[in-house]
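Numbers here are sequence positions counted from 1.
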Amino acid sequence: MSFPVDVVVMAAGKGTRMKSQLPKVLHRLGGRALAQHVIDTAARLSARSVVVITGHGAERVEAGLHAPAGGTQLKYVRQAPQLGTGHAVQQAAPVLPDDGVTLVLSGDVPLTRPETLQALLDLCAGERMALLTLDMPDPTGYGRIVRSADGSVQAIVEHKDASDAQRALTEIYSGIMAVPTRLLKGWLARLDNQNAQGEYYLTDVVKFAVGDGLRVQAHRIADAVQVAGVNSPLQLAELERAHQRRVAEALMEQGVRLADPARLDVRGSLVCGQDVEIDVNCVFDGQVSLGDGVRIGANCVIANAVIEAGAVIHPFTHIDGEKLGVSVGPGSLIGPFARLRPGAKLGAEVHIGNFVEVKNSTLAAGAKANHLAYLGDATVGERVNYGAGSITANYDGANKHRTVIEADVHVGSNCVLVAPVTLGAGGTVGGGSTITKDTPPGSLAIARGKQVTLPNWQRPAKKKP
């Protein structure tokens, strides 16, 4: 492409049918704001800049979006009051260089493919106006494309201003156009609001182009999802499923085996190695990496985690690394009904079983906690066996302390390890013990106490302060 591209994103509308205080363009699709999808798509076109037009909830919109990777510059302009699409682009005109092409996109139309937009830009070629159009069986509410006998576009007529004959047309304008910026600025200056809505229509620039002798081209597509906007929770849900289907198809093309592509949700980035299997109803959020041969059972929720080759995540496991991340070593077995929290780092062939929770802890190769246990702020050595019902008491009400369990320690059932404490290598902790002091290597530690709980009616009354 021999000309620079500057993208204008329309994001000023309120979206009252969403029935939400959140600005419409910040509602999330696949884990990202609607407008962020549009911005990221612009970056894939190597756009020089993206100019986002904000209005309703401008501060929240500008705070909720971020510049894309790749060096595309992100700018904001505000439209207040909102007087139509033409008025919106008028606000962006002063920051658009004359030497490029302006590509106009909508912040609530998130699934336009980059290759579709590239075809539109190629049609524009830096010197023509190019419109993205679509045939719709029911075009009610959309601007109609009016063509001349030779097939060129003569005008776009808004539905409320259209005659009966024009309303019978089924080719509609998608809201997406590419036009040389130097020409666009002149046409924007000629807009008026003499129409049924009393607004400044961007679509009127088409008749100006035709009147000035410029041929207006249209790139017609058949995939309605690419130009579908979001005006209600129902439409948002429909686009979410369309987006997830795209993600599922891309994964399967890479060789990932999905038990049911319709029951997968990726709300971030999912990178998979070879021979990966994912069962139904799994949710992946943030940044997730699955190594070769990983198996993910049904109904798992996994966020911000690295799961290495050959690991098996059994059904109903919840992994959420947040900022610290979670790592699962090769060949490990996790779940079912396990929970790995931020800072959990598991070595090779670690076993974390049902109803076991691990937080901010490191487990070396071969360590096992198979049943109903808690490991928080702990360093666990190789081949440790951690008994059912055992916990690390790592918080004293003010500070968190670390528990160190050295290699080959056997911790019995129903034990409490009161941090800070170190269990020496090769030792054993008897079932039901409460350990408050360090134990030497190879020792047998048994520390049991008895606590009596009186029935409610025998408890002494609390003293008043």
Side-chain angles (χ1 to χ4, degrees), residues 9-41 52-58 60-61 64-65 82 84-85 88 104-113 116-117 132-144 158-160 162 167 169-176 197 199 203 220-251 258 260-268 270 280-285 299 301:
V9 179
M10 314 275 266
K14 187 174 183 179
T16 54
R17 281 194 286 167
M18 293 299 293
K19 300 186 184 302
S20 170
Q21 296 299 314
L22 187 69
K24 179 171 68 170
V25 296
L26 291 186
H27 283 274
R28 302 183 78 78
L29 179 82
R32 287 181 289 159
L34 295 171
Q36 192 64 54
H37 280 269
V38 181
I39 292 170
D40 293 343
T41 298
V52 180
I53 304 167
T54 62
H56 173 71
R60 293 185 68 181
V61 172
L65 303 175
Q82 283 87 58
T85 54
V104 179
L105 305 177
S106 296
D108 65 341
V109 179
L111 296 185
T112 313
R113 293 185 182 274
T116 297
L117 296 177
L132 186 64
T133 67
L134 175 78
D135 276 320
M136 292 188 71
D138 180 9
T140 302
Y142 292 92
R144 307 303 203 279
E158 296 295 335
H159 179 86
K160 292 184 178 181
R167 289 185 180 184
L169 300 172
T170 58
E171 185 182 8
I172 61 99
Y173 172 54
S174 68
I176 297 173
Q197 290 289 91
E199 294 183 350
T203 50
R220 189 186 305 191
I221 62 173
D223 183 6
V225 168
Q226 292 197 58
V227 298
V230 174
N231 290 304
S232 69
L234 175 60
Q235 290 174 333
L236 180 61
E238 289 172 345
L239 280 193
E240 181 69 47
R241 294 326 314 159
H243 170 71
Q244 294 298 340
R245 181 69 193 193
R246 282 188 184 180
V247 172
E249 290 174 353
L251 288 170
L258 302 178
D260 185 352
R263 290 185 283 173
L264 171 78
D265 277 85
V266 178
R267 302 171 185 170
L270 175 61
V280 299
N281 297 329
C282 291
V283 178
F284 299 90
D285 204 348
N299 303 295
V301 178

Heavy atoms only: give me the nearest Pro110-Ala228 pair and the separation to one decimal.
CD-O, 3.9 Å
Got a donor-acceptor contact below 3.5 angstrom from the Thr112 side chain to the Gln226 backbone?
yes
Does any non-hydrogen side-chain atom of Val104 lie less than 4.5 Å from one of Met10?
yes
Check for a donor-acceptor pair, side chain of Ser106 on one end and backbone N or O of Asp108 on the other, with a separation under 3.5 Å.
no
How many angstroms lie between atom CG of Leu239 and atom CG of Leu34, to the nearest 0.5 angstrom?
8.0 Å
From CZ (Phe284) to CZ (Arg267), nearest 0.5 Å:
11.5 Å
Can you name the residues that form a side-chain hydrogen bond (donor to acceptor under 3.5 Å, both in side chains) with Ser174, not counting sequence neighbours?
none
State whether the side chain of Gln244 and the backbone N or O of Val266 hold a donor-acceptor pair below 3.5 Å, judged by distance alone.
yes
Does a side-chain heavy-atom distance below 4.5 Å link Thr140 with His159?
yes
What's the shortest heavy-atom distance between Ile53 and Ala88, and which atoms?
CD1-O, 3.3 Å
Arg60 CZ to Leu26 CG distance, which is reported to the nearest 0.5 Å:
7.0 Å
Heavy atoms of Tyr142 and Tyr173 approach each other most closely as CD2-O, 4.5 Å
Between Leu270 and Val247, is there a side-chain heavy-atom distance shorter than 4.5 Å?
no
Is Leu132 close to Ile221 at the side-chain level, that is, under 4.5 Å between some pair of heavy atoms?
yes
Shortest non-hydrogen contact from Arg17 to Asn231?
CB-O, 2.8 Å
What distance separates Asn281 CG from Asn299 CG, expressed to the nearest 0.5 Å?
4.5 Å
Side chains of Val25 and Val9 in contact at under 4.5 Å (non-hydrogen atoms):
no
Does Thr133 reach the side chain of Ile172, with side-chain heavy atoms less than 4.5 Å apart?
no
Once rounded to the nearest 0.5 Å, what's the spacing between atom CD of Glu158 and atom CD of Glu199?
9.0 Å
Between Arg241 and Leu264 the two heavy atoms that sit nearest each other are NH2-O, 3.3 Å
Could you tell me whether the side chain of Arg246 reaches within less than 4.5 Å of the side chain of Leu111, counting heavy atoms only?
yes
Restricting to ring pair (Phe, Tyr, Trp, His ring centres under 6.0 Å), what partner residues turn up for His37, sequence neighbours left out?
His243
For the student: nearest non-hydrogen atoms of Pro139 and Leu169, plus distance
CG-O, 3.4 Å
Taking the side chain from Arg263 and the backbone from Cys282, do they hold a donor-acceptor pair closer than 3.5 Å?
no
Show your working on side chain to side chain contact (heavy atoms under 4.5 Å, CB included) between Glu238 and Val230 and close with a plain yes or no.
CA-CA 9 Å; Glu238 289 172 345; Val230 174; over 6 Å; no
Check this for me: does any side-chain nitrogen of one of Arg144 and Glu171 sit under 4.0 Å from a carboxylate oxygen of the other?
no
Heavy-atom side-chain contact between Leu117 and Arg113 under 4.5 Å
no
Tell me if a side-chain donor or acceptor on Glu240 pairs with a main-chain N or O of Leu236 at a distance below 3.5 Å.
no
